[in-house]
Structure formats: structure tokens, C-alpha cells
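Below: the structure, in C-alpha cells.
First listed ligand is number 1; within each ligand, the first listed atom is number 1.
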Amino acid sequence: MNKQLVIALGGNALGNTPDEQKEAVSAAARHIVQLVKDGYRIVIVHGNGPQVGMINLAFELAYKENANVSVMPFAECCAMSQGYIGFHLQNALQNTFLEQGMATHVSAAITQVIVKQDDPAFQEPTKPVGLFYSEEEANAIAKERGYTFIEDSGRGFRRVVPSPEPVDIKEKGTIRCLMENGDVVIACGGGGIPVYCKDGLLHSVDAVIDKDKAAAKLADVIDADSFIVLTAVPRVAIHFGKPEQKWLERISIAEAKQYSKEGHFAPGSMLPKIEAAIKFVEAGNGRKAIITSLENAYNAVVKDQGTIIG
Ligand code: ADP
Ligand code: MG
């Protein structure tokens, strides 16, 4: 049986413009193709923070200028980012396979991730998105559209959306099928489009699901062998950024929990990756999670470099 990997790819590593992004995905493609050659089956979950922000901003500005453009809901912006980033990744990977005479295909799946309508996150939106507004503007928009705004570190008022927990992946069967067919699959981009179930139907909601949490959930529901997080650092550290910093090679679940409790991992960046890794490893037998950099991806999977959790 081919080993199955779910790879979470950081959105900040994708650059800020379409050209930068094209270059970044080519680099990612080269590393991922090596794993495919070794027989691994792969699903890629990419981030979308800067990209969905850009799409949302473009619509907000156009709407503000009274152009003939309507307000674009955040869930739709997420769907657009899945298309935009998914296309670039798909194109770069496919061209790399073609160059190397490989018959592998690449599929990008628009993915809906199910959240609970009564997730407590909906009571307390935390994730800032879009433009900064003055207090008056923010109040007017809040009244017109029902958005929640917060004052963001003295820079103005900014909309916040909830960040609920992923519960299930609607397209998991399709993703598994494509993967078993030998395709490299791109799915759950940006954490997936958040939907909740009501009266038996799915409804989209303006929220942002953490992409590392969504990737770990996907790895769990398709029962992948390993969950790989590719980010900007080759390993996870304790005392990160301090003189006594120590890179970690392999940690048990108990150690990962202890270090988390001791505050070694930053809440907005490394902590969600560690928490996602713990969840995935705990929910099955013989599972492994790895956190490393893109450059180190192949060696981390094949030669146990990077930080291994589990
Ligand atoms: P991504 O776009 O891949 O999600 P993030 O910036 O959200 O990337 O998270 C990765 C970053 O977390 C690293 O580049 C590093 O600066 C930071 N970080 C915080 N705590 C740690 C830690 N204990 N060990 C390693 N990196 C850490
Ligand atoms: Mg991140």
C-alpha cells in the first residue's frame, strides 16, 4: 500500500502577487514531486491568509467606490482563493510531472468544511479581515450588514470573523477516491469554505477555519499515515528566539502537551500546528505528524528530519 500524506502548506510562503505566487508554487512543486516519485500519495492543504485578504479587499474597495460591484461574502472570497491558489499549484505540479515524463494528474477540489452552528467561536469573532475603517464608518457598516468590528491596535476599526473548529470534510470521499486513483489532490484550501448543517442542508457562513486544524481533520477522516506541516522553520523549538533555544527532533504527545502548557509555542502561529498534530496522532494508531520547512520536506518524510510528533 502506498503511504498517504496530508501536507499543510503555509499561505505566507506563497508570496503577495500572482507572479510571486507562481514562483513560490514552482519551488513547492519540485519538493512534492520527489515524494510522488517515491510512491507517496499526497493531498495538499494550502493556506490563504494574504490571498483571501487581497480578494476581500479588492471587492470592498470596488464596492466603496460605487462601482457596479456587490459586497462579496467572506465564504465566497475563500472559494475564490481556493480557485486562484489551487490553479497555480495544479499548474506548477502538472508541468513538473510533464517535464519529468510522469503520468500523474493533479486535481484541485473546492472543499466545504463542516462546522457546528453552535460553535462558541460564533459568539466571539476573533479573526481580523479586510480594510481598516474609522469608528463612524465601522458603525455604519455594522448597522447595514451586521458585521462585528473591533479596534485593532490603534490602527482603526477592522471587521472580525469567527474561527470555528472543523468537524468534518464534506468532499472527503471524493478526495480519497482521487488520491487512491494516484492523483495529487489539492483540497481544503485556506482551511476550507465554512458551512454548517441546518434542516439537512449546508449553508455557508462568514468565518475562517484554521488551515492547520482543517488539514489535520482531513488527514484524520481519510485516515492518512502522516500529517506534514510545511512552514518557515526546519524544526519546532523550545525557548524559540531566545539564547537557550533548542530545536526538537522527536517529541511524544505528552511532551508536546507539556511544552504547549509552558508557552513555548506562539498562539497565532506554531501553537495551532502543534495542537493539530496532537489531535491527528491521538485519534489513530501508528500515526505520525511532522513539522518542517518546504526545503526540508523530502528529508523529513524519508529520513525522519524535521520535528516528529508521536
Ligand atoms: P504558516 O504560514 O506556515 O502557517 P506561521 O507564521 O503561522 O506560518 O507559523 C510558523 C512560524 O511560527 C515560524 O516561522 C516561527 O516564526 C513561529 N514560531 C513560533 N513559535 C515557534 C517555536 N516554538 N518553534 C518554531 N517556530 C515558532
Ligand atoms: Mg499560520
Side-chain angles (χ1 to χ4, degrees), residues 5-17 20-21 23-25 27-28 31-32 43-54 78 81-82 84-86 88-89 113 126-129 161 163-166 186-192 207-219 227-253 255-280 289-297 300 305-309:
L5 313 178
V6 171
I7 298 180
L9 197 60
N12 288 312
L14 294 172
N16 288 312
T17 64
E20 279 177 20
Q21 184 169 292
E23 235 169 73
V25 293
H31 294 285
I32 289 163
V43 182
I44 302 170
V45 175
H46 59 80
N48 76 345
Q51 295 79 7
V52 76
M54 177 181 79
C78 178
S81 78
Q82 287 189 350
Y84 162 53
I85 303 168
H88 273 182
L89 268 171
V113 174
T126 50
K127 190 100 186 155
V129 296
V161 296
S163 190
E165 294 294 313
I186 301 154
C188 288
V208 172
I209 302 169
D210 179 80
K211 75 117 183 9
D212 297 309
K213 285 185 181 169
K217 176 54 78 177
L218 177 64
F227 167 51
I228 321 286
V229 180
L230 300 183
T231 185
V233 283
R235 284 199 163 114
V236 180
I238 48 172
H239 307 291
F240 181 68
K242 297 188 190 134
E244 65 272 36
Q245 169 176 305
K246 181 173 167 254
W247 296 113
L248 301 167
E249 289 180 15
R250 182 183 282 272
I251 51 173
S252 65
I253 292 294
E255 285 168 323
K257 285 182 178 171
Q258 182 61 29
Y259 291 144
S260 301
K261 231 190 341 190
E262 289 169 9
H264 286 286
F265 312 128
S269 53
M270 189 49 75
L271 187 61
K273 299 181 196 305
I274 299 280
E275 287 175 347
I278 292 173
K279 257 197 179 159
F280 168 71
I290 304 175
I291 300 178
T292 191
S293 60
L294 176 62
E295 297 72 33
N296 205 32
Q305 290 179 11
T307 299
I308 299 171
I309 299 149

Do I274 and I291 have side-chain heavy atoms sitting under 4.5 Å apart?
-> yes
In this structure, CD1 of I238 is separated from NE2 of H264 (nearest 0.5 Å) by 5.0 Å
How about E23: does its CD atom have over 12 heavy atoms from other parts shown lying under 6.0 Å from it?
-> no
Exam field: side chain T307 to backbone L248, donor-acceptor pair closer than 3.5 Å | yes
Can you check whether G189's main-chain N or O pairs, donor with acceptor, with Q82's side chain at less than 3.5 Å?
-> yes
Which of the atoms in ligand 1, numbered in the order shown and given with their element, are less than 4.0 Å from a heavy-atom of F265?
-> 23 (N)
Could you list the atoms of ligand 1 found under 4.0 angstrom from a heavy atom of A232?
-> 14 (O)
Which of the atoms of ligand 1 are close to T231, meaning less than 4.0 Å from one of its heavy atoms?
-> 1 (P), 3 (O), 8 (O), 9 (O), 10 (C)
The atoms of ligand 1 lying under 4.0 Å from a heavy atom of M270, numbered in the order shown, are 12 (O), 18 (N), 19 (C), 20 (N), 21 (C), 22 (C), 25 (C), 26 (N), 27 (C)
Consider every N or O of A237 and every N or O of ligand 1, then say whether any pair is closer than 3.5 Å.
-> yes
Spell out, as yes or no, whether a donor-acceptor pair under 3.5 Å connects the side chain of T292 to the backbone of A297.
-> no
Tell me which part of K273 gets within contact of ligand 1: side chain, backbone, both or neither, using heavy atoms under 4.0 Å.
-> side chain
Mind checking whether S269 has an N or O less than 3.5 Å away from an N or O of ligand 1?
-> yes
